[in-house]
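Here is the structure we will look at.
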2 protein chains.
Amino acid sequence: MKEKATSFDIAHLAGVSQSTVSRALNNSPLVNEETRRRVQEIARELNYKVDKNASNLRKQKSSTIALLLFEDPTSDDSMINPFFLAMLGSITRACAQANYDLLVSFQNLEDDWHAEYEDSNKADGIILLGYGDYTDYQNKVAQLESQGTHFVRWGAPDEAHPGVSIGCDNYQGGQNITEHLLSLGKASFAFIGDNGQQAPEFMARYQGYIDTLKKHGLEKNSVQRNAISTEEAGYNGILSLMSTGELPQVIVCASDLIAMGVLRALRENRIQVPDDVAVVGYDNISISAYTTPTLTSVQQNTKLAGELLVNTLLKAINNEHVEDYLMPAEVIVRQSCGSKLSK
Amino acid sequence: MKEKATSFDIAHLAGVSQSTVSRALNNSPLVNEETRRRVQEIARELNYKVDKNASNLRKQKSSTIALLLFEDPTSDDSMINPFFLAMLGSITRACAQANYDLLVSFQNLEDDWHAEYEDSNKADGIILLGYGDYTDYQNKVAQLESQGTHFVRWGAPDEAHPGVSIGCDNYQGGQNITEHLLSLGKASFAFIGDNGQQAPEFMARYQGYIDTLKKHGLEKNSVQRNAISTEEAGYNGILSLMSTGELPQVIVCASDLIAMGVLRALRENRIQVPDDVAVVGYDNISISAYTTPTLTSVQQNTKLAGELLVNTLLKAINNEHVEDYLMPAEVIVRQSCGSKLSK
DNA sequence: CTGAAAGCGCTTACAG
DNA sequence: CTGAAAGCGCTTACAG
């Protein structure tokens, strides 16, 4: 491997000082146009690239963001939640656009992960993304907060969780999908998904759902089964429901992954969707457009979410004022709910 | 935000020199046990973390690997190939185990991406992962090679592609799945998937498939339709086949994503799988265990692949001798092929 | 517009 | 086992 060129080599070749090389390469307005051109020309020839470690050390910033992805410890290795992967993609793109690098790290909540990335100057800030046990999560977040680490988290704004939150309005999403189902004349419901402190997203979706039913005096016509966000949990949830001997008109799933399991169980039992029972999901993961029947779902705009997370974090890093943001959720009507408008 | 502590602060508090602090923190054997304990204790209290930029600058290595993920430009944003995402997960884990950080970057092949990560000392080496147009790809890889950049690529070893390759034996995978189908008594076949220079993985799978048919004198009983690795392409491919008026006994898909589209088209046309026609995929993505029927596929061991990629790259970085590696492929028998052994 | 110089926070020969 | 010193490759006040 060849020796790497330094700014001194360029300076020598260009017949200017190393300071001028640095200025020219950083497009400082202080440098003469002709000098700049010559320096940049030589840099290109030598395939010179600024040493990021030196530059970062000097500037005391890294132009890097760390993404900490918390996995649900119960999910197996290969089945990362597709929603988070979509987010990963959009965060990567947003970072690239802002000229930041992205350090990605999958974390188990048990790990001692707190601010290490920022503390060691490897990253200027941190994005937290993941479901998981929020009791544990919360302590860590509080710790980040107290250390003055720059971070944003994906999730609903919540006094109990310090720091800035960017999230999607799960409560409103739960309302919207339920209103849609009511507009189709549905009158009995099951909700499959966890409904507890450890899963605040699911809980908010459930609250939106049940409050809407209450508004219409239908809350008595609802049952609920717990399920984490996996195909298997959905499969088991609907089986548990079927073992009671009767099914409601609609199965509202707290996530599309859950709905996948529900659809499979129903197919295996020759129960027609949407004719015998309607099914709706949440997240609008890409596969939902391709199931049979295609799955009605609630979309969280991952592209916008990634941009908001990155841009908000960058503002925080620059010590600008930042605020929580709650994105609206959008019902995507497909076949599984039995809507006449479905495509 | 509080001022960050430096090694000098620790030295002051511990009453030793800064050099000793550095040694103690790096567990150098040169340092006295008692001194080490005291230094580490103080470092913990101050929540001190070594500044990576300074440390990397001094050591001239970054302990970071860059993963360049090439997307198929035709696939939409949210539908990243699940196989690569599984790889992402396993690469991340392998990096963590080796105490390396992972910089992730999605790349379009048009971008000027070549060695920038290593050139700017942000990464010690690069992992290249992705399908895509190999004509373009190849030039860039040659460029990396000539610059002496440390890198490994995912893909089949190939004289035409310089550099070290870790890949899965697609030819053997194609053979194995075909042998399995023959053992089930199948006698007419369709292969859905691209078969050209731009998709060497698919081409190798096709070669394994067609050579096996030839061996059994059955190559006349095969048709082929082009398809890139998307659900939609698979859907269109099978429709094109159906428009001829007859279907073979088996549809061999070049990827599970293609098989998803095939299954959907068959369901929509009330063609029973596996009774009317058998279907097999390739990649064994997680969703394949949950389709109806469950999909027979060929597994590439992503966990092992991630570890091999990372460990091979680390060896290359240390200037150890490294070699291409071709992992065996394994047929995962499920319902869609109609095997009696299926689960 | 340019150059000489300081210094970012470490690691590691070198000397003891 | 420890300390004083050099230096990794930059950026940026400071002086002109």
Side-chain angles (χ1 to χ4, degrees), chain A residues 2-40 42-43 46-64 116-124, chain B residues 1-40 42-43 46-64 99 116-124:
Chain A
K2 319 173 211 168
E3 283 304 305
K4 246 159 213 157
T6 72
S7 51
F8 283 93
D9 299 329
I10 315 245
H12 187 73
L13 259 45
V16 296
S17 74
Q18 182 267 339
S19 338
T20 300
V21 170
S22 176
R23 289 194 195 95
L25 260 19
N26 286 295
N27 287 313
S28 158
L30 290 173
V31 85
N32 176 284
E33 193 47 53
E34 159 61 15
T35 312
R36 181 203 320 285
R37 202 170 30 245
R38 190 151 37 94
V39 167
Q40 294 192 341
I42 294 173
L46 295 188
N47 194 32
Y48 169 80
K49 295 279 165 14
V50 170
D51 184 303
K52 279 295 170 188
N53 290 130
S55 159
N56 291 342
L57 173 61
R58 181 54 234 250
K59 289 196 290 195
Q60 293 293 51
K61 66 189 289 277
S62 64
S63 290
T64 299
E116 211 196 314
Y117 283 98
E118 184 166 339
D119 282 349
S120 56
N121 279 355
K122 284 193 289 195
D124 298 330
Chain B
M1 206 170 134
K2 319 172 211 166
E3 284 303 305
K4 248 159 212 159
T6 72
S7 52
F8 283 94
D9 300 329
I10 314 245
H12 188 72
L13 259 46
V16 295
S17 74
Q18 183 266 339
S19 337
T20 300
V21 170
S22 177
R23 290 195 194 97
L25 260 20
N26 286 294
N27 287 313
S28 157
L30 289 174
V31 85
N32 177 284
E33 193 47 52
E34 159 61 17
T35 313
R36 181 202 319 285
R37 203 172 27 244
R38 191 150 36 94
V39 168
Q40 294 193 341
I42 293 173
L46 294 188
N47 194 33
Y48 169 81
K49 295 277 165 17
V50 169
D51 184 302
K52 279 294 169 189
N53 290 131
S55 159
N56 291 343
L57 173 59
R58 181 53 233 252
K59 289 195 290 194
Q60 292 293 46
K61 66 191 289 277
S62 63
S63 291
T64 299
N99 256 316
E116 213 196 312
Y117 283 99
E118 182 166 340
D119 281 350
S120 56
N121 279 354
K122 284 193 288 194
D124 299 330

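- Pairing for C:dA13 is absent, with no Watson-Crick or G-U wobble pair whose two atom distances lie under 3.5 Å.
- To the nearest angstrom, P of D:dA6 lies 19 Å from CD of B:Q60.
- At the heavy-atom level, B:S19 lies under 4.0 Å from base atoms of the strands shown.
- As a whole-Å value, the separation of B:D51 CG from D:dC10 P is 17 Å.
- Pair check for C:dA4 finds none; no Watson-Crick or G-U wobble contact set falls under 3.5 Å.
- Regarding contacts with the backbone of D:dT2, a side-chain N or O of B:T35 is found under 4.0 angstrom from either OP1 or OP2.
- Contact annotation: the side chain of B:H12 never approaches that of B:D9 to less than 4.5 Å [non-hydrogen atoms, C-beta and beyond].
- Judged by closest nucleotide on DNA chain C, B:A54 is the one of B:A54 and B:T20 placed further toward the 5' end.
- At C:dG9, none of the side-chain N or O atoms of B:S7 fall inside 4.0 Å of OP1 or OP2 (strictly under the cut-off).
- D:dT12 sits 16 Å from D:dG16 when the C1' atoms are compared, rounded to a whole Å.
- Atom C1' of nucleotide D:dT11 and atom CD1 of A:I10 are separated by 16 Å, given to the nearest angstrom.
- Atom pair B:L46:CG and C:dG9:P shows a separation of 15 Å (rounding to whole Å applied).
- In terms of position on DNA chain D, the residue among B:L57 and B:V31 whose nearest nucleotide sits closer to the 5' end is B:V31.
- Residue A:S55 is classed as a sugar-phosphate contact, given heavy-atom separations below 4.0 Å to backbone atoms only.
- If you check D:dC1, C:dC10, C:dT2 against the side chain of B:N32, the one that comes closest is D:dC1.
- Ranking D:dA13, D:dC10, C:dG9 by closeness to the A:R23 side chain, first place goes to D:dA13.
- Put simply, NZ on A:K122 is 16 Å from C1' on C:dG9, counting in whole angstrom units.
- The side chain of B:S17 approaches D:dA4 more closely than any other nucleotide in the set D:dA4, C:dC1, D:dT11.
- For C:dT2, neither phosphate oxygen OP1 nor OP2 lies less than 4.0 angstrom from any side-chain nitrogen or oxygen of A:Q18.
- At least one side-chain heavy atom of B:L46 sits less than 4.5 Å from a side-chain heavy atom of B:L13.
- In this structure, the separation between CG on B:D51 and CD on A:Q60 is 6.0 Å, given to the nearest 0.5 Å.
- Atom CG in B:N27 sits roughly 16 Å away from atom C1' in D:dC1 (whole-Å rounding).
- The distance from atom CG of A:N56 to atom C1' of D:dC8 is 14 Å, rounded to the nearest whole Å.
- Between the CG atom of A:N53 and the P atom of D:dT11 there is a distance of 12 Å, given to the nearest Å.
- Here the straight-line distance linking atom OG of B:S55 with atom CG of B:L25 works out to 10.5 Å at 0.5 Å rounding.
- Just one residue in the list B:N56, B:N53, B:D124 forms a side-chain hydrogen bond (donor to acceptor under 3.5 Å, both in side chains) with B:S62, and that residue is B:D124.
- Between A:N27 and A:R36 the shortest side-chain heavy-atom distance falls below 4.5 Å.
- The residue B:N26 sits close only to the backbone: its heavy atoms come under 4.0 Å of sugar-phosphate atoms, none of a base.
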